[in-house]
2 protein chains.
Amino acid sequence: MTSTLNAVTNPRWLDETEMAAWRAFLSTAHLLERRIEEQLKAAAGLTHPQYEILVRLADAPGRQMRMTELAKGVIVSKSALTYQITQLERAGLVERTTCPEDDRGVLAVLTDAGTACLERTAPGHLEVVREYLIDHLTRDELETMTTAMRRTEQALRQ
Amino acid sequence: MTSTLNAVTNPRWLDETEMAAWRAFLSTAHLLERRIEEQLKAAAGLTHPQYEILVRLADAPGRQMRMTELAKGVIVSKSALTYQITQLERAGLVERTTCPEDDRGVLAVLTDAGTACLERTAPGHLEVVREYLIDHLTRDELETMTTAMRRTEQALRQ
DNA sequence: CTCCATTGGTTCAGATTTGAACTAGTACTC
DNA sequence: GAGTACTAGTTCAAATCTGAACCAATGGAG
């Protein structure tokens, strides 16, 4: 039994192999997202976007980043980032600073509490990533996926 | 320069290769999701979850499915599905029927308008999937990804 | 048959996301 | 240096998502 939406009826659509890849990718992404969200909420009261913000800031020089740059990194709208930074500021994990070079700009800065929170939270989070994704892939698959996904990421970022 | 969160400081975390794979996967998933959402909204006024519901129903025998089963397929909470089915019903693309075998149950049924909408929308949607994902992968990568993702999907569904 | 644990869906409140204004500051252009 | 187009962030309203509480209906166990 073939799907209603395949290349049999229209060659411009996706053939069996392509559709299988897309479906598997999509399901995995959504299921994993749910697991991650659940774990982070339970372990640290963080959402996944919030966690990602902390990671990006921790990796940035001076533990700080401009709002727009951060939004692009986390792949979220500017308004969503504004909201989340406000939340994280309330929690004491991040602070806002005005940017010295550009009076319009705002720098999000990771606080010591934010750093501590990330260090406390990362192991449990990465354990989920490992348990449900990484540990099910061979080294070859891992490398294939990295090069392939980087290529698509390039395309998606234009 | 290595990331703050890697296996150098703690072997239980992820090494460079693993982290690279995870990051690339995550970014691609998020960026692609945004593109898809944008295209579907512009072309058909649908959200991605809504489109997925139509696809699942179209592929189901009798073009109908139980709410819970559908929710699991689309990977969304029961309440989110209730909400979306109501939206789709309002748009005339889906109808609710009481389940004959189980008075508690509800069947979501794809209407003719729903089928037509899907057939009209699918090409444009699949074109995006092809342009930003499929066309950037070799046949080998495609197959590797399918087997790998299916394995992780299994694990995630327990 | 009756009790009770389970399952299927809905409702509800609260949190989050998005794009569309809007404000403020920057940087060309002439 | 004035005028205008652009960039950076925030605010706002509307839509959506989630988990918890809830209401039926089912299905054993005794």
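Heavy-atom basis, side chains included; hydrogens, waters and symmetry copies ignored. Every chain is numbered from 1, with letters handed out A, B, ... down the list of sequences.
For the pair A:Glu52 CD and C:dT17 P, the computed distance is 13 Å after rounding to whole Å. Atom CZ in B:Arg90 sits roughly 12 Å away from atom C1' in D:dA15 (whole-Å rounding). Taking atom CE of residue A:Met67 and atom P of nucleotide C:dA24, one finds them 18 Å apart after rounding to whole Å. Summarising the geometry, the separation between CD1 on A:Ile85 and P on C:dT16 is reported as 13 Å, rounded to the nearest angstrom. D:dA8 atom P lies 16 Å from atom CZ of A:Arg96, rounded to whole Å. Protein atom CZ of B:Arg35 is 15 Å distant from nucleotide atom P of C:dT18, rounded to whole Å.
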Quiz item: What string of B, S and - do you get for nucleotides 16-28 of chain D, 5' to 3', when a contact is any protein heavy atom under 4.0 Å?
Solution: SSBB-----BS--
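Within the 4.5 Å cutoff, the side chain of B:Leu81 has heavy atoms near those of the B:Ile53 side chain.
The ring-ring contact (aromatic ring centres under 6.0 Å, His included) test applied to A:His125 returns A:His48, A:Tyr51, not counting sequence neighbours.
Between A:Arg66 and the phosphate of D:dG9, there is a side-chain N or O to OP1/OP2 separation shorter than 4.0 Å.
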Using residues 94-110 of chain B as the side-chain source, report each donor-acceptor pair under 3.5 Å to any protein atom, sequence neighbours left out, with the distance given to one decimal.
residue  : atom : partner  : partner atom : Å
B:Arg96  : NE   : B:Glu89  : OE1          : 3.2
B:Arg96  : NH2  : B:Thr86  : OG1          : 2.5
B:Asp102 : OD1  : B:Arg104 : N            : 3.0
B:Asp102 : OD1  : B:Arg104 : NE           : 3.1
B:Asp102 : OD2  : B:Arg104 : NE           : 3.4
B:Asp102 : OD2  : B:Arg104 : NH2          : 2.8

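Backbone-only engagement by B:Thr68 is indicated by non-hydrogen atom pairs under 4.0 Å involving sugar-phosphate atoms exclusively.
Counting only N and O atoms by type, the side chains of A:Thr28 and B:Thr152 include a donor and acceptor under 3.5 Å apart.
Taking NZ from B:Lys72 and OG from A:Ser27, the interatomic distance works out to 14.5 Å, rounded to the nearest 0.5 Å.
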Quiz prompt | CA sep, side-chain torsions, deciding dist, call: A:Arg35, A:Glu131, salt bridge (charged side-chain N to carboxylate O under 4.0 Å, His left out) | solution = CA-CA 11 Å; A:Arg35 290 272 180 181; A:Glu131 180 178 354; over 6 Å; no
